[in-house]
Amino acid sequence: FTPLSTEGMRLATPAAVPLRLGGWILAIAAALLMIDLLVMLRLRGRLPGPAGSSIPKPMAAALVAMAAILLSEPVTAQTSETGQTQLAYIAGTSADATVAAGLEALSTALTRRTSVAAGPVAGVAADAADLGRYPLVYWPAYARTSMTPAEADNLRRYVQRGGLILFDFGRPLGAGSGARRLLSPLGLPSLAEADADHVLFKSYYLLDTAGGGALWVDAGTDGDSGRVSGTVLGGGNWASSWSGAVGRSPSQRENALRFGINLVIYALTGTYKADQVHTETLLDRIGGGE
């Protein structure tokens, strides 16, 4: 077979050698059994010395040693950053601080609310060779309105390998947003507005809207086809909402955080929640005896 291209991907770091504790545990169990047997024989008078007398010093020393072993602090495994999920954003714009703070807030929410172990946020260049390590890349389209052919080619490969780019235009899309001018070098497939039945709105939380007007995704990615959208377009100004930097109500910020969590789960797991779209139909069939 032709070897798979590994461009943009990093080899996994070898895991630490596991500690083999089976022999120690068996030895401790055998030692405890022997001590219990000796104590029982002593109390029954089968060993020298009157029953009920104090335990001999060698046996007491053995008991103390065993207690020290059993009560010693356990060995804890060290978690490396390679096991963490990092969110990234296109750096080099006036919005770097705002976007980084927003993604940090989203990463904190992910760690607290889901099983995703979110690591430090990374600012990256659009033509970086290692984009493949990030499941989600945030493009602040209100601060960066164009891309070079080399950047477009790199991002196209990133999307084709399963990555997801969120283009945030900071306001609802429409005439004058610059979306067509920014995205035309990418040669994206047809886009469609994501409705409330799209799997993106069900990947973790059940949502009706992402905020910021219409949300656009690759056409035919609602869930039935099994395809995952590689691009998501909108104008929610989400990074500012996640960090609380803009004047949003608590409910609006919460909705923005839930959308961000849904987006990351969608990027990591794809359309695994798509079957829930058919739950009502399946229940109707079960109830009808079909």
N/O donor-acceptor pair under 3.5 Å between [X] side chain and [Y] backbone:
X    : Y    : value
N255 : S251 : no
S203 : N262 : yes
R144 : S146 : yes
N154 : A126 : yes

*Partner set under salt bridge (Lys or Arg N to Asp or Glu O under 4.0 Å) for R157, not counting sequence neighbours*: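 In terms of salt bridge (Lys or Arg N to Asp or Glu O under 4.0 Å), with neighbours along the sequence ignored, R157 is linked to E7, D153.
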For [X], give me all partners under side-chain contact (heavy atoms from CB on, under 4.5 Å), at least two apart in sequence or on another chain.
X    : result
T269 : I265, Y272
S229 : V217, D218, T221, T231, Y266
T148 : A150, E151
L41  : L37, R46, L47

For a quick test of reading the model, state the closest non-hydrogen atom pair linking [X] to [Y] and the distance between them.
X    : Y    : result
R227 : G220 : NH1-O, 3.6 Å
A256 : W242 : O-NE1, 2.8 Å
P135 : A267 : O-CB, 3.6 Å
W216 : A214 : NE1-CB, 3.7 Å

*asked:* Quick one, L136 with T85, criterion side-chain contact (heavy atoms from CB on, under 4.5 Å). Give me CA distance, side-chain angles, the key distance, then yes/no.
replied: CA-CA 10 Å; L136 174 67; T85 299; over 6 Å; no
Do [X] and [Y] have side-chain heavy atoms sitting under 4.5 Å apart?
X    : Y    : result
I165 : V232 : no
L233 : L183 : yes
W139 : L155 : yes
R248 : S240 : no
N237 : R171 : no

*Scan residues 104-136 for pairs that pass ring-ring contact (aromatic ring centres under 6.0 Å, His included), counting only residues two or more places apart or in two chains.*
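For residues 104-136: none.
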_Heavy-atom count check: over 12 atoms from other residues, nucleotides or ligands less than 6.0 Å from M40 CE?_
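Atom CE in M40 is crowded, with more than 12 foreign heavy atoms closer than 6.0 Å.
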Separation of [Y] [atom2] from [X] [atom1] (nearest 0.5 Å):
X    : Y    : atom1 : atom2 : result
R258 : Y204 : CZ    : OH    : 10.0 Å
L166 : L215 : CG    : CG    : 8.0 Å
L200 : L207 : CG    : CG    : 8.5 Å
L182 : Y142 : CG    : OH    : 13.5 Å

*Within residues 110-129 or reaching into it, pairs that qualify as salt bridge (Lys or Arg N to Asp or Glu O under 4.0 Å) - sequence neighbours excluded*: R113-E254
*Mind jotting down which residue pairs meet the salt bridge (Lys or Arg N to Asp or Glu O under 4.0 Å) criterion with at least one end in residues 24-34? Sequence neighbours excluded, please.*
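Qualifying pairs, neighbours excluded: none.
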*Of all residues at least two apart in sequence or in a different chain, which pass the ring-ring contact (aromatic ring centres under 6.0 Å, His included) check with Y89?*
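Result, ring-ring contact (aromatic ring centres under 6.0 Å, His included) vs Y89: none returned.
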*Residues that F201 engages under ring-ring contact (aromatic ring centres under 6.0 Å, His included), provided they are two or more places apart*: none
Cut-off 3.5 Å, no hydrogens considered: what does the side-chain donor-acceptor table look like for residues 186-195, sequence neighbours left out?
residue	atom	partner	partner atom	Å
D195	OD1	D197	N	3.1
D195	OD1	H198	N	3.2

Can you list, pair by pair, the side-chain donor-acceptor contacts under 3.5 Å of residues 98-108, counting residues two or more places apart and other chains?
residue	atom	partner	partner atom	Å
E104	OE2	V121	N	3.4
S107	OG	L103	O	2.9
T108	OG1	E104	O	3.0

*Verdict with supporting geometry, I90 and V137, side-chain contact (heavy atoms from CB on, under 4.5 Å)*: CA-CA 7 Å; I90 300 301; V137 174; 3.7 Å; yes
_We want to know whether R253 and S241 form a side-chain donor-acceptor pair, criterion being a heavy-atom distance below 3.5 angstrom._
no
*Going by atom types only, do D168 and Y138 share a side-chain donor-acceptor pair under 3.5 Å?*
yes
